[in-house]
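Please read the structure below before turning to the comments.
Everything numeric here is computed off the predicted structure, so don't read it as measured data.
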Amino acid sequence: MELKHFLQFNDFCREEYEYVFERARWIKQEFKQYRRYWPLADRTLAMIFDKNSTRTRLSFEAGMHQLGGTAIYLSTRDTQLGRGEPVEDAARVISRMVDIIMIRTYEHDIIRRFAENSCVPIINGLTDEYHPCQIMSDIFTFIEQRGSIAGKTVAWIGDSNNMCNTWLQAAEIFNFKMHVSTPPGYEIEPERVGLNGTGHFEEFACPLNAVKDVDLVTTDVWTSMGFEAETEARKDDFANFCVDSEMMSFAKKDALFMHCLPAHRGEEVSAEVIDGPQSIVWEEAENRLHTQKALMEYLLLGKIRIES
């Protein structure tokens, strides 16, 4: 089987996502019925963390165990990667000892170099530029709740970070519209637009205009990991970008709210929104488990027969 990595959302085409989502639905159903499914027995996942995590570690580690395999946690703080071992050398060694590798790190170039020197599939668990596993879960969750996302409109409110970049890629693949509203100085980087064309998103200076009549409103913390020194300045810059009840009232009546978590209530989202009836953040978080199980199955086994 041809070696395939998952480094950016656009590494997969729409047909591949539709297959992975079908598998995720079936795998989730089996999990809910307490039926054992171990297609990855005797397979090993290495999880390399340069950035701390709750959901990424738990969903990958639990997911691999639930598929019958083993997960090994590696932190760059207590491995040779943290002492200056070249990424290329680490990739050549680690990939000879395991079957699949998930990496959560800073610069996207690190994971790209790792993949170029790996003999097993590499999954991007998060980089400063992209977060494809999260958006895969988000779209799967939207489809569960509302059906096809094609033709819908999603509003991104806040920083044009790795989540925003990945949503832009997803919009092109799934044919939906993105409304993006960021404070001055935090706009989408031109190179992200170049990757995705111009037909699937529109920028808005005012977040209330961005959420008008949309199907989904989504946001993230104002200060991502690695930018902590900017926290106080960002609180001032983003003061008008809190997704609260007033902002949600501009969206469609049945619009949904998403957040990749962790959330800071009272900053990027109000408690009444994230804990309210339009919020599906807990379903979104749970689905990281099921979509990533389907992803690992696909990368290691390819397409298999869909169970009835």
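- Between His108 and Tyr130, the ring centre distance stays below 6.0 Å.
- Scanning both residues, Val281 and His259, for their nearest heavy atoms gives CG1-N, 3.4 Å.
- Aromatic ring pairs are classed by plane angle as parallel below 30°, tilted from 30° to 60° and perpendicular above 60°; the pair Phe204 and His179 is tilted.
- Of the charged side-chain nitrogens involved, at least one lies within less than 4.0 Å of a carboxylate oxygen, so that Glu15 and Lys303 count as a salt-bridged pair.
- In this structure, Tyr73 is a member of the same hydrophobic cluster as Leu40, with clusters built from ILVMFWY side-chain heavy atoms closer than 4.5 Å.
- Rounding to the nearest 0.5 angstrom, the gap separating the CG atom in Leu126 from the CE atom in Met102 is 9.5 Å.
- When all heavy atoms of Ile111 and Ile122 are compared, the pair lying nearest together is CG1-CG2, 3.9 Å.
- In this structure, Tyr37 has its ring center closer than 6.0 angstrom to the ring center of Trp26.
- Using the six-membered ring where Trp is involved, Phe238 and Trp222 have ring planes that are parallel, under 30° apart on the 30 and 60° scheme.
- The pair Glu286-Lys32 meets the salt-bridge criterion, since a charged nitrogen lies less than 4.0 angstrom from a carboxylate oxygen.
- Remark: Lys212 NZ is loosely packed, at most 12 non-hydrogen atoms of other residues, nucleotides or ligands lying under 6.0 Å away.
- A parallel orientation is assigned to the rings of Phe174 and Phe21, their planes being inclined by less than 30° (bins at 30° and 60°).
- The structure places NZ of Lys235 at 4.5 Å from CD of Glu232, a figure rounded to the nearest 0.5 Å.
- Below 30°, between 30° and 60°, or above 60°: for Phe6 and Phe12 the angle between ring planes is between 30° and 60°, a tilted geometry.
- In summary, the aromatic rings of Phe140 and Tyr17 are positioned with their centroids too far apart to meet the 6.0 Å limit.
- For the atom pair Phe241 CZ and Thr182 OG1, the distance stands at 6.5 Å (nearest 0.5 Å).
- The CZ atom of Phe31 sits 10.5 Å away from the CG atom of Leu67 when rounded to the nearest 0.5 Å.
- The two residues Met258 and Asp138 have their closest heavy-atom pair at CE-O, 3.1 Å.
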